[in-house]
Amino acid sequence: MIAELRLRTAQLLPSGRRLPEDVWQRRHRAIVRLSAVCAVGLVLLAWVWGYGQPAAVAVLAAVGGPLVVAVVPGLSRAVHAAATTCSLMAASVALVHLWGGVTEAHFVFFVMIGVVSLYQDWVPFGIAVVVVALHHGVFGTLQPHAVFGHEGQGNPWAWAGIHAAFVLAASLAHLSSWRLNEAQVLSDPLTGLANRTLLEEVTHRLLSRGDEVSLLFIDLDDFKAVNDSRGHASGDELLLVLAERLRGCVRPGDVVARIGGDEFAVVVNGGADVARVVGERALVALSVPVPLADGTLTVHGSVGVAASTDMTDASADALLRNADLAMYLAKAQGKNRLVVYADGMAEAARRRAALAQDLAGAAASDQLEVYYQPTVRLADGRTTGFEALVRWNHPERGLIPPVEFIPLAEETGDIVGIGTWVLREALRQGAVWTAETGMPLRMAVNLSPRQFHDGSDVTALVVEALAESGFPAEQLTLEVTEGVLVRDGDAVVAQLESLRELGVRIAIDDFGTGFSGLSYLRHLPADIIKIDRSFVMDLPLGRSAVTLITSIVELARTLGLDIVAEGVETEGQRRALAELDCGSAQGYLFARPEPADRAGAALAAGVPVRA
């Protein structure tokens, strides 16, 4: 009951920002030195003005005594601040008495109020008001001539109230100064949200009370592309809208902060379950289309959550770090999702960071290799071409699965350089096989959305690679996913059209698994649809799979597009696809992806290598 009453009282009392420890200690040491100087100066003044040794000793005890407490290590900030405040208030009282209560002597109280305001805490102000009221009232009654040099001697308690009111007004002025200063220093200038400094201080304050505290780290997915394609003015307009939406997702008492360009954080006074609810609400709010001056835009976010209850040594820094790690895992899992921090994520993040560093130099160190998987015509089983797939032979970890390093390369941007290297290597090998077999073998190469959106001129890159290798443009297929149109679709379509004018064919990879397959198909200049393996795996008995593939085949026939099915692993799947008039297929039934020498040997033998 008492603890709850103290907490409620503390919440009602005004307080400034919690100063960093080194800043607070520097200020405290300076105030202690000032108090010591005041003690020595007042003792000398008592002797000079003829008050004698007893008065000098009393002044020294009253002013210097509290400093003993002020320098004891290990005590709280509040105790240290209270001790120095008592010392400075005692010095003010002593000066008033030594000076005979003249009006000017009372001004020293206001000087000391300004000094103790450096603590940015309500405790010194409260002590000052109490000291002034009691001193002026009690001593004004017992020794009015020593306190008041005017008509206050006749009504000491009334004047005590007046002086205390002035001290209170001075205190409130300092409190207002804190708030005005903090509004500028502790808020984000664009959105008006809290900034990182205030976020950390609020988190520390809640943790120091022993509350359950959770922190959400929110990062907007692919926000850089908004600034690149629409300009920073549109980006700022978008941030303002999303900041307001995040404000609406939290409860009273939770704090929303902007801690980076497109990074936000939320301090939640509660455990992980409460934070998860807030985070899921934020994901929904962010995904609502935003009407901007230059058109509607839809963005998503990735959210990481960390809770103090899941940590042995909870601190503001640790919460922020763990929530950040969880957010990056959400990015790695495909974005637009929420992940709660768990033990082991820090080690996984370190491994991921080390892998990203190694990946940056993989191509230059000859660690990358292109594997080739044949595309087979279902009508006669002949190999008509290959798809080039990159593999990474790590010097220490061996062969790293593409599902592990390709998303990492996409995230870091290394996929642009890797994609360029794969294109050149695949066309060089395709030219060799075409010359050796005398057959116009096709070569399919995947293009990443980053290659279109990071300022690369894909058309110029392809033209250069074709010229270097001598590989015919008509035998090249470039595979893209529907996601290339998510940002700056008109520019992407223009580049794809220019590639088709060269004779290059465009294939839509993983058709139907990305966004709105049919709506995007109307915009993408395409020649081939690749049916995703998720549709093929349920053949031949899955009725929904048969219906979907039949629809895709009919759609392709209507639009004049070719069909390639991915992930064919059984003879039953092959027969079902052939009966559905699917033209070509890939999969382990025909051959696994193999290095160039083994794929070339199988090609020379006239049959693909069976898995």
Side-chain angles (χ1 to χ4, degrees), residues 16-18 20 176-205 214-268 275 278-279 281-306 316-317 319-321 323-324 326-328 330-331 335-336 338 411 453-455 486-488:
R17 59 174 292 200
R18 180 177 174 85
S176 300
S177 175
W178 294 347
R179 292 295 181 233
L180 291 172
N181 179 62
E182 290 170 8
Q184 296 174 344
V185 177
L186 301 178
S187 62
D188 174 58
L190 174 64
T191 63
L193 298 175
N195 63 9
R196 188 188 188 104
T197 302
L198 182 57
L199 174 83
E200 293 175 349
E201 291 179 5
V202 170
T203 306
H204 179 85
R205 188 175 299 163
S214 298
L215 196 142
L216 285 75
F217 198 110
I218 304 170
D219 185 89
L220 302 182
D221 296 334
D222 305 316
F223 180 76
K224 180 179 180 296
V226 177
N227 283 334
D228 292 344
S229 62
R230 301 200 180 200
H232 288 273
S234 292
D236 289 347
E237 185 182 356
L238 176 64
L239 288 173
L240 285 170
V241 173
L242 298 181
E244 196 59 36
R245 288 183 183 177
L246 290 176
R247 276 195 185 100
C249 293
V250 303
R251 309 164 307 161
D254 298 337
V255 176
V256 184
R258 181 184 177 215
I259 56 177
D262 61 341
E263 295 175 336
F264 298 87
V266 181
V267 181
V268 176
V278 174
R281 194 183 303 147
L283 285 177
V284 173
L286 292 176
S287 64
V288 176
V290 179
L292 301 177
D294 56 353
T296 301
L297 186 65
T298 301
V299 297
H300 299 284
S302 298
V303 181
V305 175
D317 288 342
L319 270 176
L320 189 61
R321 181 179 64 251
D324 192 12
M327 182 276 296
Y328 273 109
K331 293 275 191 187
K335 306 178 182 179
N336 189 27
L338 181 147
E411 180 181 320
H453 300 308
D454 280 12
V486 172
R487 303 190 306 269
D488 203 9

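Predicted, not measured: the structure shown is a model, and the values here were computed from it. We count residues from 1, following the sequence as given.
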For the residue pair [X] and [Y], what are the closest heavy atoms and their distance?
{"X": "Ala243", "Y": "Phe264", "answer": "CB-CE2, 4.2 Å"}
{"X": "Thr298", "Y": "Ser287", "answer": "CG2-O, 3.5 Å"}
{"X": "Cys249", "Y": "Val278", "answer": "O-CG1, 3.9 Å"}
{"X": "Ser214", "Y": "Ala275", "answer": "CB-CB, 3.5 Å"}
{"X": "Val303", "Y": "Ala330", "answer": "O-CB, 3.9 Å"}
{"X": "Leu216", "Y": "Val268", "answer": "CD1-CG2, 3.6 Å"}

Sequence neighbours left out, what passes salt bridge (Lys or Arg N to Asp or Glu O under 4.0 Å) with Asp262? Give chain and number order. none
With Ile218, the side chain to side chain contact (heavy atoms under 4.5 Å, CB included) member among Leu242, Val266, Leu338, Ile259: Val266
Side chain proximity check, Thr191 to Val256, heavy atoms < 4.5 angstrom: no
pair Val299-Asp222: side-chain heavy atoms closer than 4.5 Å: no
Qualifying residues under side-chain hydrogen bond (donor to acceptor under 3.5 Å, both in side chains), relative to Thr203, sequence neighbours excluded: none
Return the set of residues passing side-chain hydrogen bond (donor to acceptor under 3.5 Å, both in side chains) with Arg281 (not counting sequence neighbours), or none when no residue passes. none
So how far is it from [X] [atom1] to [Y] [atom2], rounded to the nearest 0.5 Å?
{"X": "Glu411", "Y": "Lys335", "atom1": "CD", "atom2": "NZ", "answer": "7.5 Å"}
{"X": "Glu200", "Y": "His204", "atom1": "CD", "atom2": "NE2", "answer": "11.0 Å"}
{"X": "Phe217", "Y": "Leu319", "atom1": "CZ", "atom2": "CG", "answer": "13.0 Å"}
{"X": "Leu292", "Y": "Asp236", "atom1": "CG", "atom2": "CG", "answer": "11.0 Å"}
{"X": "Leu220", "Y": "Leu286", "atom1": "CG", "atom2": "CG", "answer": "6.5 Å"}
{"X": "Lys331", "Y": "Asn336", "atom1": "NZ", "atom2": "CG", "answer": "10.0 Å"}

Which pairs, with at least one residue in residues 249-258 and sequence neighbours excluded, count as a salt bridge (Lys or Arg N to Asp or Glu O under 4.0 Å)? Asp188-Arg258, Arg251-Asp254
Could you walk me through whether Ser302 and Asp219 pass the side-chain hydrogen bond (donor to acceptor under 3.5 Å, both in side chains) test, one step at a time? CA-CA 5 Å; Ser302 298; Asp219 185 89; over 6 Å; no
Please determine whether the number of non-hydrogen atoms from other residues, nucleotides or ligands lying under 6.0 Å from atom OH of Tyr328 exceeds 12. no
Suppose we screen for side-chain contact (heavy atoms from CB on, under 4.5 Å). Which residues come up paired with Val288, at least two apart in sequence or across chains? Arg245
His232: partners by side-chain contact (heavy atoms from CB on, under 4.5 Å), with sequence neighbours left out: Asn227
Do NZ/NE/NH1/NH2 and the carboxylate oxygens of Arg205 and Glu201 come within less than 4.0 Å? no
Could you tell me whether the side chain of Asn195 and the main chain of Leu198 form a donor-acceptor pair under 3.5 Å? yes
